[in-house]
Amino acid sequence: MKYGLIGEKLGHSYSCQVHRALGNPDYVLKEIAPDALGDFLRARDFAGLNVTIPYKQAVIPYVDALTDTAREVGAVNTLYFDASGALWGDNTDVYGFCAMLEGIDVRGKKALVLGSGGTSHTACYALRALGAGDCIVVSRRGAVNYENVYSLHADAEVIVNATPVGMFPNNGARPIDIRRFPRLCAVADVIYNPARTALLQDADALGIPRAGGLSMLVAQAARSVERFSGRALGEEAWRGALSQVAASLRGVALVGMPGCGKSTIAQAVAKELGRACVDLDAEIEREAGKSIPEIFAQEGEAAFRAAETCAAKQFSRENAVLATGGGCVLRAENAQALRANSLVVWLKRAIDQLPREGRPLSAGNLYEMAQKRAPYYRAASDVQIENRGSVEEVAAAVAAALREGAVHL
């Protein structure tokens, strides 16, 4: 191999996409069993490597030298050769972590770092370098744990999640209840899949500035490429790569009133983006073996809503284009599932243009329904787009919104 990422399990890594966006097409993933790591590293049959769990400490005995950052952190995530052929170990995660926190002032603030592994060490080192005050490690079995942290450190101002809690496929899990920290003013989560973990969505709900892990991933990768190549990329290059990768990984979820055109527009958006299109109502009907009016008539609305929740959680994990039912986001758990990895678009259409036939809940007063549902659509959505003009024009507006807004999810 020339360049790549080594680790024990790499099934959900985004590193190849990131390195391609950074102009490094020769990047591969290589899973290595623990008992094979030594022979692989001694052979040195590579030009440069990134290293992930569980090998960030295990690779250290095999390098010729460590950078100051890697030595102080005690972990290596980048291996590269210098001009003399010596193999160096560096830690570019520190640079990536600092990039993730750009715009968030941690100077003098009390920080909680959740987790005690290698990523936690990196976060603590970077926070201190950025001028943070006390840096408290929270772990399951440590002196400060997830039971006593609320009484010991309720005055925390910054919380960093350096654990895998909330990572795909366990979307929706959260390591801590941030509502119990009244002085909290910033939240960061090193997880990048999903884009918006439950922890970050909690921060959004409270109006607290937050940062997600994709920017850390891309920034540290860019610094690794600099180590591999010996040339500077510059911030503009990795910022551009971040936008490109974010847009390629994020999905789109269309929400709005029944009959506002979600299914039609979703198909057109999927075609423009080259993505799969999923109509949640159609998936519910396929799974149930009956139409939605039949589900309502035979099993009631509660049964339909339960099926809707299952579908929302199942199909919102990839970068597909989703058309949702009109009442989907009335359930908070559905809105959270959609927001985890998708740009949520509130598709709007004039009430007098909404069809009623074959829609069990549209037979009543649509104006009243629209008024009641508007706060839910507004809270769930990232952007609002009017369904006016041609299908192609509206689809292009949705696709443009994804390209412009994906990095901020």
Side-chain angles (χ1 to χ4, degrees), residues 150 159 161 165-182 184 187 189 191 193-210 212 250-258 260 262 266 278-281 283-284 287 292 295-296 299-318 320-348 360-362 368-385 405-406 408-409:
Y150 303 108
I159 291 179
N161 181 34
V165 177
M167 184 170 65
F168 178 90
N170 298 312
N171 299 13
R174 45 178 63 74
I176 204 165
D177 183 358
I178 65 172
R179 296 171 299 177
R180 300 176 66 177
F181 299 91
L184 192 62
V187 176
D189 197 329
I191 291 171
N193 182 14
R196 282 187 285 217
T197 60
L199 190 71
L200 296 184
Q201 292 194 51
D202 289 347
D204 287 340
L206 295 171
I208 297 173
R210 50 78 165 179
R250 307 304 186 228
V252 176
L254 301 179
V255 304
M257 285 288 286
C260 70
K262 298 185 293 293
V278 178
D279 188 309
L280 292 188
D281 281 354
E283 292 297 330
I284 293 168
E287 181 68 21
I292 289 175
I295 296 174
F296 269 80
E299 303 177 44
E301 183 176 354
F304 171 75
R305 294 301 176 201
E308 190 173 51
T309 295
C310 290
K313 290 180 177 180
Q314 177 182 353
F315 291 103
S316 61
R317 294 180 172 182
E318 304 296 337
V321 180
L322 307 179
T324 69
C328 183
V329 295
L330 301 184
R331 279 192 174 191
E333 58 191 312
N334 294 355
Q336 179 179 297
L338 297 177
R339 287 177 59 78
N341 216 42
S342 296
L343 182 83
V344 182
V345 178
W346 180 6
L347 193 63
K348 307 178 78 172
L361 297 181
S362 296
E368 182 178 337
M369 178 192 289
Q371 188 175 29
K372 288 181 178 179
R373 290 184 175 184
Y376 294 92
Y377 295 146
R378 187 175 296 109
S381 62
D382 298 295
V383 295
Q384 302 176 24
I385 293 178
H408 302 298
L409 296 190

Find out whether [X] and [Y] are in side-chain contact, i.e. whether some heavy atom of one side chain is under 4.5 Å from a heavy atom of the other.
| X | Y | value |
| --- | --- | --- |
| Val329 | Asn334 | no |
| Val278 | Glu283 | yes |
| Asn170 | Val165 | no |
| Val344 | Val255 | yes |
| Arg174 | Thr197 | no |
| Pro258 | Met369 | yes |

Would you compute the distance between atom [atom1] of [X] and atom [atom2] of [Y] and round it to the nearest 0.5 angstrom?
| X | Y | atom1 | atom2 | value |
| --- | --- | --- | --- | --- |
| Phe168 | Ile191 | CZ | CD1 | 12.5 Å |
| Leu199 | Ile176 | CG | CD1 | 8.0 Å |
| Leu254 | Thr324 | CG | OG1 | 7.0 Å |
| Phe304 | Asp281 | CZ | CG | 4.5 Å |
| Asn341 | Asn193 | CG | CG | 6.0 Å |
| Ile284 | Thr309 | CD1 | OG1 | 8.5 Å |

Discussion item. I'd like to know whether Asp204 forms a side chain to side chain contact (heavy atoms under 4.5 Å, CB included) with Arg210, so could you lay out the CA-CA distance, the side-chain angles of the two residues, the decisive distance to 0.1 Å, and finally the verdict.
Written reply: CA-CA 8 Å; Asp204 287 340; Arg210 50 78 165 179; 2.9 Å; yes
Worksheet entry | Expected output: side-chain Tyr376 to main-chain Gly327 donor-acceptor under 3.5 Å | no
Worksheet item: Is there a donor-acceptor pair under 3.5 Å between the side chain of Lys262 and the backbone N or O of Met257?
Response: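 It does hold such a pair.
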Closest approach of [X] to [Y] (non-hydrogen atoms, all atoms of both residues):
| X | Y | value |
| --- | --- | --- |
| Ser316 | Leu322 | CA-CD1, 3.8 Å |
| Ala337 | Ala312 | CB-O, 4.1 Å |
| Ala198 | Gly172 | CB-O, 3.5 Å |
| Gly212 | Leu200 | CA-CD1, 3.8 Å |
| Pro194 | Gly166 | CD-O, 3.4 Å |
| Ala311 | Leu280 | O-CD2, 3.9 Å |

Fill in: Over 12 foreign heavy atoms within 6.0 Å of CD, Gln384
yes
Discussion item. Taking atom CD as the centre, does Glu333 end up with more than 12 heavy-atom neighbours from other residues, nucleotides or ligands that are less than 6.0 angstrom away?
Written reply: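 Yes, CD of Glu333 has more than 12 neighbouring heavy atoms, counting only those of other groups under 6.0 Å.
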Worksheet item: Salt bridge or not for Asp202 and Arg179, using N-O below 4.0 Å?
Response: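 Salt bridge between Asp202 and Arg179, a charged N being under 4.0 Å from a carboxylate O: no.
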Worksheet item: Salt bridge or not for Asp382 and Arg339, using N-O below 4.0 Å?
Response: yes
